[in-house]
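Okay, so here's the structure we're looking at.
From a predicted model like this one, the values you see are computed outputs, not experimental measurements.
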Amino acid sequence: MNFDELLVHLLQKGVSEIHFHAGMPVLARTNGQLQSVGGRKLKPQSTAALVAQLCSPQQKAQLEVYRQTDLAYSLPGVARLRVNIFYQRGSASVVFQAIGPYEESLRQVNLSQEYLRAFRDLGRGLLLVVGPRGSGKSTTVARLVDEINTHHAKLILTVEDPIEYLHKSKRSAVVQREIGSDAVSYEKALMGTSRQRPDVIVIGEIRDSITASVALGAAQNGHLVLSTLVAMDSAHAVKVLLEMFPAEERGAWRTLLADSLAGLVAQRLIPAKDEGRVAVMEVVSMTPHLRDLLKRPDQTAQLYELLRDPDVVGNQSFDAHLLELYRGGQVEYQTAVLNATDPARFEAEAQKPL
């Protein structure tokens with residue numbers, strides 16, 4: 001069995017991640033659980049040979065300098081995979097994360113039609129999809145891009161590291177740039193976006209103050225900007241974003257964020273009732289009151305409380321969505337209680353008659 005055949009074999013079993021580390025057997029993750037595949041431990045020469053097979057000369061150079069790199073790998077007709085290569089104890093490690101078939105993956109996004117319609121029809125502003133790593137943020141962004149692509153005639157420009165979902169132009173024209181092969185860095189790619197005249201800009205991930213400032217600036221200049229951020233929920237996302245900037249500059253960036261932010265989608269993956277996992281979504285649509293609170297540092301506690309409040313118009317809390325998933329038979333009761341933000345309140349709501 002060659003390397004591609006091994007990947008296909010594992011993916012057909014429902015594996016979401018495949019790990020190659022020197023000194024360990026091949027590891028695969030299914031439904032959140034990591035298990036070994038066979039008993040033979042990999043040698044450093046084996047992972048080095050895998051790196052040589054996967055990397056372009058440019059990616060090899062980046063790996064030498066930064067000791068890690070990201071890329072995408074395609075198995076035609078099966079899947080695309082996100083790949084991270086790094087060094088541990090002097091040997092190369094390779095981690096594959098399955099992206100999955102395009103149409104099937106996008107159908108799994110758990111946003112209601114109401115929110116999909118509202119977000120795809122936005123003319124400008126920053127829309128953030130947040131969550132822990134591996135929670136499906138990129139898939140949700142891809143679904144929003146597909147919604148815009150299907151319903152609007154716009155120019156959509158993506159800057160990704162690496163490109164995960166390949167979009168075919170429909171009503172919109174979709175131009176996709178990959179860091180490494182099409183651009184030197186996020187910073188350089190994003191600095192030129194205004195001259196490329198896009199209506200929608202997709203940034204793979206906001207990682208630092210540079211990408212954050214460009215995203216906010218583009219939103220202020222009339223673009224719709226979609227991006228992801230590693231954060232546990234909407235309140236944490238606001239905190240993480242502001243803390244990217246020096247303390248003495250946060251007042252100005254707080255105001256810019258309040259004026260630019262159009263919405264927040266936070267998601268987590270939890271075990272589904274039958275098999276696999278299902279996304280639980282928290283959704284925040286910005287209101288004038290939320291914008292006003294965001295501009296005022298002395299109202300931060302109230303802002304965070306309202307961001308998590310399901311009774312605020314336009315909001316969907318994690319627990320409200322959990323209740324919907326439980327009543328719809330998609331998750332077990334104990335799973336829902338275990339993952340609820342407020343378990344006692346969730347149990348009380350779940351016991352009320354429909």
Side-chain angles (χ1 to χ4, degrees), residues 111 115 118-119 122 124-138 140-141 144 186 190 201-221 223-268 279-322 339-342:
L111 275 175
Y115 285 124
F119 290 144
L122 287 169
R124 57 172 291 276
L126 173 63
L127 178 59
L128 280 177
V129 179
V130 309
R133 297 216 177 268
S135 60
K137 299 184 297 296
S138 297
T140 297
V141 169
L144 292 167
Y186 267 119
L190 293 171
I201 300 171
V202 180
I203 302 171
E205 182 182 352
I206 293 180
R207 299 176 175 176
D208 50 34
S209 61
I210 294 172
T211 47
S213 61
V214 174
L216 290 170
Q220 277 289 291
N221 288 334
H223 301 285
L224 175 59
V225 181
L226 310 180
S227 191
T228 71
L229 181 73
V230 176
M232 290 306 297
D233 57 24
S234 57
H236 186 223
V238 171
K239 182 175 184 289
V240 168
L241 204 56
L242 289 174
E243 288 182 351
M244 289 180 177
F245 300 100
E248 64 274 14
E249 298 178 11
R250 278 180 204 154
W253 288 110
R254 181 184 288 273
T255 299
L256 188 59
L257 177 60
D259 290 337
S260 304
L261 192 60
L264 285 157
V265 177
Q267 59 190 67
R268 305 169 189 165
V280 186
M281 318 286 274
E282 174 188 60
V283 186
V284 174
S285 299
M286 293 301 289
T287 65
H289 183 47
L290 288 174
R291 294 186 195 282
D292 181 60
L293 292 177
L294 182 50
K295 290 178 182 179
R296 300 165 59 187
D298 61 320
Q299 296 296 312
T300 297
Q302 185 182 354
L303 170 68
Y304 290 172
E305 185 177 333
L306 283 178
L307 286 175
R308 297 186 174 110
D309 189 346
D311 296 325
V312 175
V313 175
N315 282 15
Q316 172 182 279
S317 69
F318 277 121
D319 287 4
H321 195 207
L322 264 177
N339 286 277
T341 305
D342 186 342

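- Here the closest heavy-atom approach between residue L224 and residue F119 is recorded as CD2-O, 4.3 Å.
- Nearest approach of L306 to L290, heavy atoms of both residues: CB-CD2, 3.9 Å.
- Note that the CD atom of E305 and the OG1 atom of T300 stand 12.5 Å from one another [nearest 0.5 Å].
- For the pair S213 (side chain) and I210 (backbone), a donor-acceptor distance under 3.5 Å is present.
- Side-chain atoms of R250 come within 3.5 Å of backbone N or O of F245 as a donor-acceptor pair.
- At a threshold of 4.5 Å between non-hydrogen side-chain atoms, the residues R296 and R254 do not count as touching.
- Side-chain contact between L216 and W253 is present, with at least one heavy-atom pair separated by less than 4.5 Å.
- Across every non-hydrogen atom of N339 and R268, the tightest pair is O-NH1, 3.9 Å.
- Closest of all the heavy-atom pairs between A215 and V225 is O-CG2, 3.7 Å.
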Passes side chain to side chain contact (heavy atoms under 4.5 Å, CB included), R124 versus Q220? Steps please.
CA-CA 8 Å; R124 57 172 291 276; Q220 277 289 291; 3.6 Å; yes
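- For the pair V130/D233, no side-chain contact is recorded, criterion being any heavy-atom separation below 4.5 Å from C-beta on.
- Remark: the backbone N or O of L261 is paired with a side-chain donor or acceptor of R291 at under 3.5 angstrom.
- In this model, a donor atom of one side chain and an acceptor atom of the other lie less than 3.5 Å apart for S234 and E282.
- Put simply, NE2 on H321 and CG on L111 are 8.0 Å apart, with the number rounded to the nearest 0.5 Å.
- L128 has its side chain within reach of S227: a pair of non-hydrogen atoms, C-beta onward, lies under 4.5 Å apart.
- If you take CG on L307 and CG on L294, they are separated by 8.0 Å, rounding to the nearest 0.5 Å.
- Contact between G204 and Y186 at its shortest, heavy atoms only, is CA-OH, 3.4 Å.
- One finds the CE atom of M281 at 4.0 Å from the OG1 atom of T140 (value rounded to the nearest 0.5 Å).
- A donor-acceptor pair is defined here as one N or O able to donate and one able to accept, closer than 3.5 Å; no such pair exists between the side chain of D342 and the backbone of D319.
- Separation of atoms CZ (R133) and CD (E205) is listed at 4.5 Å; rounding is to 0.5 Å.
- Distance alone, capped at 3.5 Å, places no donor-acceptor pair between the Q302 side chain and the L293 backbone.
- Residue L241 holds its CG atom at 7.0 Å from CG of L126, rounded to the nearest 0.5 Å.
- Side-chain atoms of V238 and L264, non-hydrogen and from C-beta on, do get closer than 4.5 Å to each other.
- Closest heavy-atom contact between K137 and L229: CD-O, 3.6 Å.
- In terms of modelled atom types and a separation under 3.5 Å, the side chain of D208 and the main chain of T211 share a donor-acceptor contact.
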